[in-house]
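Take a look at the structure set out below.
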Amino acid sequence: MNFHQFQLHEKIMAGVKVSGYIEPTPIQVKSIPAIMEGRDVMGLAQTGTGKTAAFALPILQRLMGGPLGVVRALIIAPTRELTEQTQNAISQLGYKTGLRSLSIYGGVGILPQIQTLRRGVDIISACPGRLLDHINRKTVNLSKIEVLVLDEADQMFDMGFLPDIRKIIKHLPAVRQTLLFSATMPDDIRGLAGDILTNPVSFQIGYSQPASTVAHTFYPVETQRKNVLLDKILENTETGPVLVFTRTKIRSKRVAQHLDQSGYKTAALHGNLSQSQRQKALDGFRSGRYKILVATDVAARGIDVRKVSHVINYDIPNTAEAYTHRIGRTGRACETGDAFTFVTCEDKILTRSIGKLLEGNVKYCSLDGFPDISAILGGPSGETKTRAKTGIRPNRPKRTAGSYVKEKDGRRRAEGRR
Ligand code: AMP
């Protein structure tokens, strides 16, 4: 299968070409023809599957045929990063079409957004809060919307955005095409889908499963020794860009400081940063200036950095679904990746539920001086038996090939110090 079979306009094909896409991904194969037929779509798709182009390409195709400078497509997403990233993808894919796109989110001045809207925009990629702000100020006109996309709907629900979304939908024409994408399908999202989609084509791509290109390893550790474990892993593992997840903003700041002092070029990404600081951290990570980005879940939502070689869950995610999202940052679009998760005694239930999600495709690795997985899961379990039987010491850390240049000024902290 190649992109020519979709019979996209040649100006859109130019965008596909500059994006470097050769073959459509499975979600693109399934959704592009249905969306081009004008059908509503409910897509259960994990992150990193090529979802953005799956809806962006048919939207560009549809909009090329009509009046320019009128907002006719609206994409709503949970975070600024995802909103910005979607807009970037659309402007790259549509760079020859003459269609104009704008991302709308809070935390930055509203005036430039208003000025751009006045000049005429065809596609808006927005976070719910700031979009409602524009609606209330009457600085955006959504009465001509032909296509609505709700992206990462489960996360929008988690973040409490569903009431805002329902308010926004009241300002859209009742007759429109609606596309809803979600990595998981909690009951509330199913309810919303039932209310706003008409006779949708439904499909799922790797429902709730992280991409198969990722290898999963759990590292048992005592809570207070996570930094020591992190240092050991980084010292002994050959990596490219590394994304480290923490549960709280304060911890992401502290872990980033620790790594920075250990000689790794590191940035933190969390909700206490201003938009320009967040952008700086992300841009620095993308460009390679920072080798490690330490982020919280919300801040990291939608980060698209190609070639993240390792995702390290310094703190285990709160749900199995959140694990899928975090891990979606590596192994994207057929690159391979590793996911390392630190597990402590308090994480017993989550360790088991994520293990279940991964259907046994998880390895347990106890480094010397760190507890065995049985100490975490408590007594003999299916998982520990597997390890005892097979003697797995997975992802045996490779000697580093020097992905990081360590500073030799003695700044690396002694083991055990925090
Ligand atoms: P997404 O799931 O939309 O965030 O996309 C994940 C990554 O895959 C992004 O870096 C896209 O640019 C890339 N991508 C999307 N479609 C394709 C494709 N057909 N071939 C190669 N890469 C793609």
Side-chain angles (χ1 to χ4, degrees), residues 1-6 8 12-33 35-36 41 43-61 73 75-95 101 103 123 125 149-156 179-184 203-214 240-241 243 282-283 285-288 293 295 300-309 311 321 324-337:
M1 177 99 197
N2 62 39
F3 279 95
H4 291 284
Q5 278 161 278
F6 298 131
L8 293 163
I12 300 174
M13 285 304 288
V16 170
K17 198 168 167 203
V18 295
S19 301
Y21 304 165
I22 311 287
E23 267 185 32
T25 62
I27 192 174
Q28 291 162 0
V29 171
K30 290 213 168 156
S31 54
I32 291 176
I35 302 174
M36 284 175 75
V41 160
L44 266 162
Q46 51 188 317
T47 51
T49 48
K51 188 160 43 93
T52 316
F55 62 74
L57 291 169
I59 288 177
L60 290 167
Q61 178 86 2
I75 298 126
I76 306 181
T79 65
R80 304 159 179 186
E81 284 77 16
L82 185 58
T83 303
E84 182 82 350
Q85 195 171 289
T86 301
Q87 195 266 327
N88 287 340
I90 289 174
S91 69
Q92 176 160 307
L93 290 166
Y95 83 105
S101 55
S103 55
I123 304 167
S125 167
V149 181
L150 297 181
D151 197 9
E152 311 252 348
D154 52 346
Q155 178 78 355
M156 293 207 274
L179 319 173
L180 184 147
F181 293 93
S182 195
T184 58
F203 55 81
Q204 62 185 60
I205 304 280
Y207 173 52
S208 266
Q209 285 281 349
S212 58
T213 46
V214 180
L243 189 52
L282 262 180
D283 290 347
F285 188 53
R286 278 204 189 97
S287 70
L293 187 69
R301 188 77 181 192
I303 290 178
D304 177 21
V305 180
R306 291 209 188 176
K307 296 192 170 44
V308 167
S309 71
V311 168
E321 283 78 15
T324 304
H325 283 296
R326 286 186 182 184
I327 300 318
R329 311 292 130 228
T330 186
R332 290 172 91 81
C334 302
E335 297 281 348
T336 56

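Because the structure is predicted, anything quoted here is derived from the model rather than measured. Whatever order the structure lists ligands and atoms in, that order sets their numbers, starting from 1.
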Under a 4.0 angstrom heavy-atom cut-off, which atoms of ligand 1 come close to [X]?
{"X": "T25", "value": "17 (C), 18 (C), 19 (N)"}
{"X": "T52", "value": "1 (P), 3 (O), 4 (O)"}
{"X": "E23", "value": "18 (C), 19 (N), 20 (N)"}

Taking [X] for its side chain and [Y] for its backbone only, find out whether a donor-acceptor pair lies under 3.5 Å.
{"X": "S182", "Y": "D154", "result": "yes"}
{"X": "Q28", "Y": "G50", "result": "yes"}
{"X": "S125", "Y": "T83", "result": "yes"}

Where do I35 and A54 come nearest, in terms of heavy atoms and distance?
CD1-O, 3.5 Å

Can you give me the closest heavy-atom contact between M156 and A77, atom names plus distance?
SD-C, 3.7 Å

Looking only at distance, does Q85 have an N or O less than 3.5 Å from an N or O of ligand 1?
no

Flag G50 as yes when one of its N or O atoms lies below 3.5 Å from any N or O atom of ligand 1, and as no otherwise.
yes

Taking side-chain hydrogen bond (donor to acceptor under 3.5 Å, both in side chains) as the criterion, tell me which of Q85, R80, E84 meets it with S103.
E84

Below a 4.0 angstrom heavy-atom separation, can you tell me which part of F3, side chain or backbone, both or neither, approaches ligand 1?
side chain

Of the side chain and backbone of Q28, name the one, both, or neither that has a heavy atom under 4.0 Å from an atom of ligand 1.
side chain

